[in-house]
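Single-structure report; data block below.
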Amino acid sequence: MRASRGSQAPARCGSRRPAASPSRTCATSPRRASTSCPWARSRTRARSWTSGSTWPDPPSPHPFRTVGRATRGAEPAHRPSAAECRRSDRAQLTGTVPRSTPRRIFTVTEQTAAPAPADPATATDDVPEQMRVRREKRDRLIADGRGAYPVTVPKTHEIADVKAQYAHLEDGEETQDVVGVAGRVVFIRNTGKLCFASIQDGAGERLQIMLSLAEVGEESLASFKADVDLGDHLFAQGRAIKSRRGEVSVFASDWAVAAKALRPLPTLHKDLAEDTRVRQRYVDLIARPLARETARNRATMMRSLRDSLHSRGFIEVETPMLQTQPGGAAARPFITHMNAYDIDLYMRIAPELFLKRAAVGGIEKVFEINRNFRNEGADSSHSPEFSMLEAYEAYGDYTTIGRLTQDLVQGAAQDVFGTQVVTLADGTEYDLGGEWANITMYGSLSEAIGEEITPETSVAYLQQLCDRFEVSVDPKRVNHGKLIEELWEHHVGDTLTAPTFVRDFPVETSPLTRDHRSIDGVVEKWDLYVRGFELATGYSELVDPVIQRERFEQQARMAAQGDDEAMRLDEDFLTAMEYAMPPSGGMGMGIDRLLMALTGLGIRETILFPLVKPTDD
RNA sequence: GGGCCUCUAGCUCAGUCGGUAGAGCAGCGGACUUUUAAUCCGUAGGUCGUGGGUUCGAGCCCCACGGGGCCCA
């Protein structure tokens with residue numbers, strides 16, 4: 001659907017362009033993923049020598065079990081991580097975390113790891129001092145047998161759980177409850193015989209660890225001071241207490257570096273520079289709460305969309321991303337090559353033509369959320385790869401699909417933020433609630449320029465208007481619809497702030513949309529504008545295969561005139577349509593743009609790992 | 001495509017009139033058993049995006065290129 005518009009920036013893909021999410025569904029259920037996913041397969045194989053031919057139990061709440069199992073297997077080669085893993089014999093026997101506190105939780109049972117040899121390529125003088133120092137600390141931890149990258153640590157509690165469970169303690173009150181916690185060190189304060197460290201988990205929850213000379217002993221405390229840095233993953237086991245200053249803390253009886261960081265953390269009190277945030281999102285996620293929040297909000301939003309669609313009986317499908325012929329939108333595709341068949345393939349610019357094939361086949365309420373690729377510019381609202389939701393509803397039309405779209409967006413706002421009045425990044429509020437405005441393209445344009453413009457208005461006159469208002473149009477694409485669209489964007493598009501459906505577009509702009517049921521020259525299409533940009537588009541789908549063929553032929557003529565975004569005739573798609581697709585409403589919505597609409601962030605903030613131009617060194 | 005801004009220590013940034021480069025954080029050494037961006041003493045750290053040019057002398061002026069941002073088309 002949303003394809004044909006050939007206008008400028010927003011029009012290009014406007015509606016259908018969102019962002020990205022790494023596709024790794026197979027990673028979440030390793031036991032089931034052995035057949036179709038090569039990644040999972042290789043993982044299974046790699047593991048099988050330690051634990052037999054089947055997968056171990058689901059991730060054990062008692063990491064020691066895993067340790068025991070892992071260390072029983074013969075290490076095939078030098079594997080420092082296994083050798084470094086220390087474990088408690090007692091815990092291994094019982095499979096539980098000891099309640100009484102052993103002096104040393106970990107004892108090295110195998111010391112096969114040779115002290116890491118200095119790597120001449122990296123341990124030389126031209127690495128920054130801080131990296132050299134941290135590498136030396138890593139080497140020392142390994143040489144001492146403490147380990148810098150143990151296989152596992154006996155973590156028993158999440159940080160948030162400890163904080164909640166012991167929040168009631170009085171200042172300075174101590175318990176005898178022993179917990180094991182882990183997180184990244186984000187603060188260290190050393191007052192001599194007592195050290196404080198704050199560890200942070202992936203959600204940004206922080207917990208204070210206290211290490212005293214009396215509790216851990218001189219050697220352990222000295223090692224902590226010497227070898228633990230900001231940025232390291234730290235495990236600590238000890239009693240849950242509340243400090244004299246009222247902070248829930250773990251009073252460590254033992255600790256371990258869970259993973260040594262070789263690079264220093266950036267200053268946590270200042271945001272990273274914009275460019276660094278995007279290029280090193282992993283650092284951004286550690287350092288900036290909004291980055292963490294956005295990644296989680298995106299996940300909530302995706303789940304909300306899927307839940308809303310599933311609850312309405314829609315079925316999610318996946319359609320080809322590698323296509324022999326790009327279609328479903330007016331956009332330039334990426335081209336790639338398939339060696340086996342020695343043919344060029346196109347990365348899809350839209351899923352539309354395949355979703356309609358699915359509708360022909362009887363998947364009548366169907367949707368897909370996935371990536372599209374458009375070989376066009378990249379700026380603050382366009383990414384070359386973006387995620388889009390497309391949905392088709394048999395026996396619906398552009399009105400019912402508009403209602404669905406409003407419900408989806410409002411539901412997402414509700415699920416992510418608990419309200420339909422969202423607070424944007426700049427602090428302003430934006431109201432997505434209520435019934436959204438409906439205007440028509442010709443009506444709103446006529447009103448804006450003060451004279452009646454209709455589908456009958458001549459191209460010559462529209463060209464005059466464009467000249468008068470200094471609206472430039474690519475000469476290769478001049479036609480009634482294109483001129484209307486450009487004039488409309490110039491006069492009306494920029495003025496829309498509240499959520500607004502703009503309905504009834506010129507036929508030339510929408511080759512996959514059916515003619516209006518009562519108005520000649522326009523098609524049943526809307527664009528949804530939110531905060532001034534195009535968020536979604538919806539159609540009463542064109543299902544007459546004869547008219548569809550004519551529209552394609554018209555597009556082919558536009559292509560012959562030099563319009564490189566014109567659609568190409570897709571014979572197999574027409575064949576499918578000749579089996580008859582039920583009357584349907586369809587919509588496409590940019591997922592990245594939806595998150596932008598909900599948060600006020602730029603597209604590079606809503607995409608976890610946006611494409612960035614490589615630096616030149 | 002056009003205009004403007006920007007690139008300096010691991011990070012965030014200052015750097016005046018062209019005169020051999022600074023701060024905070026983090027790092028290193030030391031002190032400190034309740035800190036919260038701890039504090040105190042000491043200390044190390046630089047291809048100033050890259051390449052040219054002007055100049056006795058360039059982080060600074062000029063040109064080109066590269067990365068990023070903003071605004072326009």
Side-chain angles (χ1 to χ4, degrees), chain A residues 7-12 125-137 140 163 169-174 184-200 206-218 220-222 224-232 238 241-252 261-280 282-284 286-289 376-381 426 466 469-474 486 489-490 494 601-605 610-617:
Chain A
S7 64
Q8 283 219 344
R12 257 182 242 150
D125 301 329
D126 56 346
V127 302
E129 182 203 13
Q130 295 193 51
M131 286 192 63
R132 179 177 52 76
V133 168
R134 282 165 179 257
R135 182 170 280 267
E136 288 165 4
K137 292 177 179 180
R140 186 160 62 226
K163 291 175 78 170
L169 297 181
E170 300 290 323
D171 290 2
E173 185 178 351
E174 303 194 353
R184 190 185 294 274
V185 176
V186 291
F187 289 119
I188 290 185
R189 299 169 290 274
N190 167 13
T191 67
K193 300 185 179 61
L194 179 65
C195 290
F196 300 85
S198 296
I199 59 174
Q200 172 178 291
R206 292 181 177 183
L207 179 65
Q208 179 165 278
I209 308 299
M210 297 168 62
L211 294 100
S212 77
L213 177 65
E215 190 80 6
V216 300
E218 194 170 331
S220 174
L221 187 66
F224 180 86
K225 290 181 190 175
D227 297 332
V228 176
D229 286 308
L230 288 178
D232 295 349
I241 69 165
K242 193 173 252 187
S243 74
R244 287 180 207 164
R245 296 294 179 89
E247 181 152 346
V248 174
S249 307
V250 171
F251 200 67
L262 296 183
R263 291 176 184 269
L265 231 43
T267 302
L268 293 175
H269 319 296
K270 306 250 184 187
D271 283 349
L272 287 175
E274 173 96 21
D275 193 33
T276 311
R277 281 190 212 171
V278 171
R279 288 182 188 274
Q280 295 188 279
Y282 39 89
V283 180
D284 190 33
I286 295 166
R288 195 166 57 98
E376 296 164 357
D379 60 33
S380 59
S381 63
D426 63 3
C466 284
F469 295 115
E470 297 181 341
V471 174
S472 63
V473 180
D474 182 348
E486 293 291 338
E489 275 179 24
H490 183 261
D494 293 344
L601 297 169
I603 198 166
R604 282 185 196 76
E605 304 288 333
L611 181 74
V612 285
K613 210 166 178 178
T615 52
D616 204 23
D617 42 38

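Treat the numbers as computed from the prediction; the structure is a model and nothing was measured. Every chain is numbered from 1 and lettered A, B, ... according to where its sequence line falls, protein lines coming before strand lines.
- Judged by distance alone, with hydrogens and angles left aside, A:Thr267 brings a side-chain donor or acceptor within reach of the base of B:C25, the pair sitting under 3.5 Å.
- For the pair A:Cys195/A:Ile188, no side-chain contact is recorded, criterion being any heavy-atom separation below 4.5 Å from C-beta on.
- B:U33 and B:C48: their C1' atoms are spaced 44 Å apart (whole Å).
- Nucleotides B:C61 and B:G1 place their C1' atoms 28 Å apart, quoted to the nearest Å.
- A:Met210 comes within 4.0 angstrom of a nucleotide base, judged by non-hydrogen atoms across all strands.
- Across the protein-nucleic acid pair, A:Asp227 atom CG and B:G27 atom P stand 13 Å apart, rounded to whole Å.
- Checking the phosphate oxygens (OP1, OP2) of B:U33, a side-chain nitrogen or oxygen of A:Lys193 falls inside 4.0 Å.
- With distances taken from any side-chain atom of A:Leu272 to the nucleotides B:U12, B:U34, B:A38, the minimum falls on B:U12.
- Look at CG on A:Asp271: it is 20 Å from P on B:G68, rounded to the nearest Å.
- Between A:Asn190 and A:Ala273, the residue whose closest nucleotide on RNA chain B is further toward the 5' end is A:Ala273.
- Among the heavy atoms of the strands lying under 4.0 Å from A:Asp229 are primed sugar atoms or P, OP1, OP2 only; no base atom is included.
- The aromatic rings of A:Phe187 and A:His269 lie parallel to each other, their planes meeting at an angle below 30°, with 60° marking the opposite boundary.
- In this structure, of B:U33, B:A37, B:U36, it is B:U33 that holds the atom nearest to the side chain of A:Ser212.
- Here A:Glu136 does not pair with A:Arg140 in a salt bridge; the nearest charged N to carboxylate O distance is not below 4.0 Å.
- Whole-Å rounding puts the A:Lys225 NZ to B:U33 P distance at 8 Å.
- Distance noted for atom C1' between B:G49 and B:C7: 6 Å (whole Å).
- Remark: B:C28 base-pairs with B:G42; criterion is Watson-Crick or G-U wobble with both hydrogen-bond distances under 3.5 Å.
- Among the nucleotides B:A26, B:G67, B:U34, the one closest to the side chain of A:Gln130 is B:A26.
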Applying salt bridge (Lys or Arg N to Asp or Glu O under 4.0 Å) to A:Glu605 and A:Arg288, what does each step give before you reach the verdict? CA-CA 12 Å; A:Glu605 304 288 333; A:Arg288 195 166 57 98; 3.0 Å; yes
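- For B:G19 and B:C71, the P atoms lie 35 Å apart once the distance is rounded to whole Å.
- Here, B:C63 and B:G3 have their P atoms 12 Å apart, quoted to the whole Å.
- Within 6.0 Å of NZ in A:Lys225 there are more than 12 heavy atoms belonging to other residues, nucleotides or ligands.
- Within 4.0 Å of A:Lys242, counting heavy atoms only, lies no atom of the nucleic acid at all.
- Each of B:A44, B:U12, B:U33 was ranked by its minimum atom distance to the side chain of A:Glu129; first place goes to B:A44.
- Within 4.0 Å of A:Thr276, counting heavy atoms only, lie sugar-phosphate atoms of the nucleic acid but no base atom.
- Residue A:Leu268 is classed as having no contact, given no heavy-atom separation below 4.0 Å to the nucleic acid.
- Using N1 to N3 plus N6-O4 or O6-N4 for Watson-Crick, or N1-O2 and O6-N3 for G-U wobble, each under 3.5 Å, B:U12 pairs with B:A23.
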Walk me through whether A:Asp229 and A:Lys137 qualify under salt bridge (Lys or Arg N to Asp or Glu O under 4.0 Å). CA-CA 9 Å; A:Asp229 286 308; A:Lys137 292 177 179 180; 2.6 Å; yes
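- Residue A:Glu486 contributes atom CD, which lies 12 Å from atom P of B:A73 at whole-angstrom precision.
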Could you go through the side-chain hydrogen bond (donor to acceptor under 3.5 Å, both in side chains) check for A:Arg189 and A:Gln208 one step at a time? CA-CA 11 Å; A:Arg189 299 169 290 274; A:Gln208 179 165 278; 3.2 Å; yes
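- Rounded to the nearest Å, the gap between the P atom of B:G57 and that of B:G18 is 16 Å.
- Using a 3.5 Å distance cut-off with no hydrogens or angles, the side chains of A:Arg206 and A:Gln200 do pair a donor with an acceptor.
- Distance from the side chain of A:Pro266 is smallest to B:C11 among B:C11, B:C28, B:U33.
- Across B:U36, B:G27, B:A38, the shortest atom-to-atom separation from the side chain of A:Val133 is found for B:G27.
- With rounding to whole Å, A:Arg189 atom CZ is found 15 Å from B:C25 atom P.
- Residue A:Arg279 has no polar side-chain atom (N or O) positioned under 4.0 Å from OP1 or OP2 of B:G67.
- Atom pair A:Phe469:CZ and B:A73:P shows a separation of 16 Å (rounding to whole Å applied).
- Across the P atoms, B:C13 and B:A21 are found 23 Å apart, a figure rounded to whole Å.
- Look at CE on A:Met131: it is 19 Å from P on B:G45, rounded to the nearest Å.
- Comparing the C1' positions of B:G52 and B:C4 gives a spacing of 24 Å, expressed to the nearest Å.
- At the heavy-atom level, A:Arg604 lies under 4.0 Å from the strands shown only through sugar-phosphate atoms.
- Each of A:Leu194 and A:Arg134 was matched to the nucleotide of RNA chain B holding its nearest heavy atom; the match closer to the 5' end belongs to A:Arg134.
- One atom, CG of A:Leu221, and another, C1' of B:C32, lie 12 Å apart when rounded to the nearest Å.
- Using a 4.0 Å heavy-atom cutoff across all strands shown, A:Phe196 reaches at least one base atom of the nucleic acid.
- When Watson-Crick and G-U wobble pairs are counted only if both distances are under 3.5 Å, B:C17 pairs with no nucleotide at all.
- For B:A26, the OP1/OP2 oxygens have no side-chain nitrogen or oxygen of A:Lys270 closer than 4.0 Å.
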